[in-house]
Asker: 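Pasting a structure below so you can have a look.
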Amino acid sequence: AEVLARRPDVRIAEAQLHAATARIGAARAARFPSIDLSAGAALTANSLSSWSDALKSLSFGGVLNLPLFQGGALAAAEDLARAQADEALLTYHDTVLAAVHEAQGEWTELASARARQSDLEAAVTHSEKAFDAALELYRAGKIDYTDVLVRQNGLISARQSLLDNRSEICTRTVSLTKALGGPLTAPEA
């Protein structure tokens, strides 16, 4: 879960969920009375020489905001914020499930490619031995060159399969790293 949380799509969905839940609090707070206070001070002088005789004034003020007679608009805004938060939660869950599914699929494909590796290496070894034996038999005059070419084609095919599998392992490793949201260890500075 910690590794998948680094994925950009999961992080975006999580941030959208946090923002949606914060909007619920803001919509709820808008339904309650609020008081805004302000204060000010001023010095006024007719000239620079009469600075000491400056007229001094102070002011204080406040505004009381009572959200009355809104016709249910504030309650509707809170209900809308809750619905948007529910939608963001479902999107987050879907994003996390998709991330888990993608990572599991890539992990399975990588494990499968790695499991085939030893079988393909054994096939190459077997094909090399068959080719060497056919070449020796040809040199001894016991078979014709067509049999050597058949064994050589089998060896080439086995080597190509091994190389394709190694390439698939590399590709699957990169895909798994991407599905997990990056490398498992932090890069060194």
Side-chain angles (χ1 to χ4, degrees), residues 1-27 77-189:
E2 182 179 318
V3 174
L4 289 176
R6 297 183 309 179
R7 285 176 53 120
D9 56 341
V10 173
R11 293 175 78 182
I12 288 170
E14 183 180 16
Q16 289 171 342
L17 177 60
H18 287 303
T21 55
R23 283 191 292 271
I24 293 173
E78 185 178 348
D79 291 342
L80 175 64
R82 287 184 191 282
Q84 289 172 337
D86 290 342
E87 181 181 4
L89 179 63
L90 291 175
T91 300
Y92 176 73
H93 282 278
D94 288 346
T95 303
V96 169
L97 287 175
V100 168
H101 179 69
E102 182 182 353
Q104 276 184 325
E106 293 300 336
W107 186 275
T108 302
E109 292 294 330
L110 177 60
S112 176
R114 285 185 174 164
R116 285 190 306 269
Q117 184 75 14
S118 62
D119 292 339
L120 292 171
E121 288 171 350
V124 167
T125 301
H126 176 72
S127 294
E128 286 172 344
K129 288 178 183 177
F131 173 70
D132 291 341
L135 197 56
E136 288 299 318
L137 289 173
Y138 170 74
R139 288 181 183 148
K142 295 183 179 179
I143 60 171
D144 66 26
Y145 198 68
T146 306
D147 291 330
V148 174
L149 292 177
V150 168
R151 301 293 187 266
Q152 186 179 28
N153 282 340
L155 175 59
I156 291 170
S157 177
R159 285 180 177 167
Q160 185 62 49
S161 295
L162 179 62
L163 290 175
D164 289 345
N165 192 64
R166 286 180 181 165
S167 174
E168 183 179 356
I169 288 172
C170 292
T171 301
R172 295 294 177 189
T173 301
V174 169
S175 296
L176 178 60
T177 302
K178 179 183 169 203
L180 292 174
L184 297 178
T185 59
E188 295 183 25

Asker: Rounded to the nearest 0.5 Å, what separates atom CG in D94 from atom CG in L89?
Answerer: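 If I round to the nearest 0.5 Å, the distance is 9.5 Å.
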Asker: Counting only heavy atoms not in E87, do more than 12 fall under 6.0 Å of its CD?
Answerer: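 Incorrect, the count does not exceed 12.
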Asker: Any side-chain heavy-atom pair from E121 and R166 closer than 4.5 angstrom?
Answerer: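 Answer yes - side chains close enough.
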Asker: State whether E128 and R159 are salt-bridged, where the test is any N-O pair (Lys NZ or Arg NE/NH1/NH2 against Asp/Glu carboxylate O) under 4.0 Å.
Answerer: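 Judged by the 4.0 Å cut-off on N to carboxylate O distance, E128 and R159 do form a salt bridge.
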Asker: Taking side chain as C-beta onward, heavy atoms only, is L120 less than 4.5 Å from V124?
Answerer: no
Asker: Working to the nearest 0.5 angstrom, can you tell me the gap between F131 CZ and L149 CG?
Answerer: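 That separation rounds to 8.5 Å.
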Asker: Where do V100 and L4 land on the side-chain contact (heavy atoms from CB on, under 4.5 Å) test, with the steps shown first?
Answerer: CA-CA 7 Å; V100 168; L4 289 176; 3.4 Å; yes
Asker: Can you spot which of V10, I12, L97 makes a side chain to side chain contact (heavy atoms under 4.5 Å, CB included) with Y92?
Answerer: V10
Asker: Under a 4.5 Å cut-off applied to non-hydrogen side-chain atoms, are R7 and K178 in contact?
Answerer: no
Asker: Let me confirm one number: the CG-SG distance from N165 to C170, rounded to the nearest 0.5 Å.
Answerer: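 Rounded to the nearest 0.5 Å, the CG-SG separation comes out at 10.0 Å.
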Asker: Is it true that E136 and R139 have a side-chain N and a carboxylate O under 4.0 angstrom from each other?
Answerer: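 Counted as a salt bridge, because a side-chain N and a carboxylate O are separated by less than 4.0 Å.
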Asker: Counting N and O atoms only, with roles assigned by atom type, does the side chain of T108 sit under 3.5 Å from a partner on the main chain of Q104, one being a donor and the other an acceptor?
Answerer: yes
Asker: Run through L176, T173, T177, L180 and flag the one making a side chain to side chain contact (heavy atoms under 4.5 Å, CB included) with E106.
Answerer: L176
